[in-house]
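Keep in mind it's a predicted model, so treat the numbers as computed, not measured. In what follows, chains are A, B, ... by sequence order, proteins preceding strands, each numbered from 1.
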Amino acid sequence: SQTIHQWPATLVQPVGSPLSLECTVEGTSNPNLYWYRQAAGRGLQLLFYSVGIGQISSEVPQNLSASRPQDRQFILSSKKLLLSDSGFYLCAWSARVAQPQHFGDGTRLSIL
Amino acid sequence: EDQVTQSPEALRLQEGESSSLNCSYTVSGLRGLFWYRQDPGKGPEFLFTLYSAGEEKEKERLKATLTKKESFLHITAPKPEDSATYLCAPRGNLIFGKGTKLSVKP
């Protein structure tokens, strides 16, 4: 069966520090991968999605970036965090865009 | 612009009190809809796929229905463990509604 791992579960970072969140999927090949941010009252906001290694689509202009160095690995990064980057970050995968997504347990990011 | 609206934003029920959640959308070329359940501090968990208008899906106390413009998630005789936020998402669109937070009190 397929599983998705996302870490860390919680993270507290100072403003201006770098960020790296990692997500890996097991039990499937060539998945579509997604990064979302969920803020209170604003729902799930799609940040990036990838249909293959090295293929990244950005949905929202911001100081975040994503990379997919391996088929089942998706990384969310920032060189300098802003206060507005605080939130709940979720990684997800699906077999295709028209298939349901399966989410990790998320990372709660607090910027001080 | 494609939009998804869920109502109500929050719903408080007594155990056993049936009700419905609504998901309405303006999406060009709708090809179905997903429903998810999200527990606090967790990622959403997939519940149902509805592919076309008129389709219904059931799982325990939940029944999802779909028309051309909206979907309903009916909850029959809910229990406290049904408390969660329920999200809907048009199939193939990568957007989600903001969800309905359901609280069921014993």
Side-chain angles (χ1 to χ4, degrees), chain A residues 1-11 21 23-25 28 31-51 55-60 66 74 76 87-110, chain B residues 1-11 21-52 55 57 59 62 64 66 71 73 84-102:
Chain A
S1 64
Q2 301 89 2
T3 56
I4 180 168
H5 303 280
Q6 189 180 345
W7 66 93
T10 59
L11 189 60
L21 301 180
C23 171
T24 60
V25 180
T28 186
N32 286 358
L33 296 172
Y34 311 88
W35 279 111
Y36 288 90
R37 178 167 57 205
Q38 189 173 36
R42 296 191 62 184
L44 279 167
Q45 179 187 32
L46 180 66
L47 301 175
F48 301 95
Y49 72 93
S50 172
V51 299
Q55 300 178 62
I56 309 293
S57 296
S58 174
E59 292 296 305
V60 182
F74 207 23
L76 183 68
F88 189 47
Y89 288 82
L90 288 158
C91 180
W93 75 271
S94 69
R96 290 191 298 275
V97 172
Q99 298 281 30
Q101 295 181 42
H102 305 278
F103 289 81
D105 282 339
T107 295
R108 177 73 60 187
L109 176 63
S110 299
Chain B
E1 182 182 349
D2 295 339
Q3 286 191 339
V4 181
T5 302
Q6 290 190 246
S7 61
E9 291 185 10
L11 181 62
L21 283 54
N22 177 262
C23 170
S24 63
Y25 38 80
T26 53
V27 175
S28 58
L30 184 73
R31 297 181 294 151
L33 189 92
F34 301 125
W35 278 99
Y36 296 82
R37 169 192 170 124
Q38 185 175 21
D39 292 307
K42 299 290 185 181
E45 176 186 357
F46 168 68
L47 291 174
F48 303 111
T49 304
L50 299 167
Y51 289 96
S52 59
E55 187 174 4
K57 291 277 180 71
K59 181 179 181 178
L62 300 177
L66 183 67
S71 178
L73 185 64
T85 297
Y86 292 86
L87 304 170
C88 65
R91 183 169 167 254
N93 198 284
L94 301 183
I95 63 174
F96 285 75
K98 292 182 179 180
T100 293
K101 184 176 181 180
L102 174 66

Is there a side-chain contact between B:Ile95 and A:Leu46, using heavy atoms and a 4.5 Å cut-off?
-> no

How about the chain B/chain A donor-acceptor pairs under 3.5 Å, what are they, with distances?
unit_1, atom_1, unit_2, atom_2, d
B:Tyr36, OH, A:Gln101, N, 2.9
B:Gln38, OE1, A:Gln38, NE2, 2.9
B:Gln38, NE2, A:Gln38, OE1, 2.9
B:Arg91, NE, A:Ala98, O, 2.9

Between B:Ala89, B:Gly92, B:Pro44, which shows the greatest number of heavy-atom pairs under 4.5 Å with chain A?
->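 The option with the most such pairs is B:Pro44.
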
Nearest non-hydrogen partners of B:Phe34 and A:Ala98, listed with the distance = CZ-O, 3.4 Å

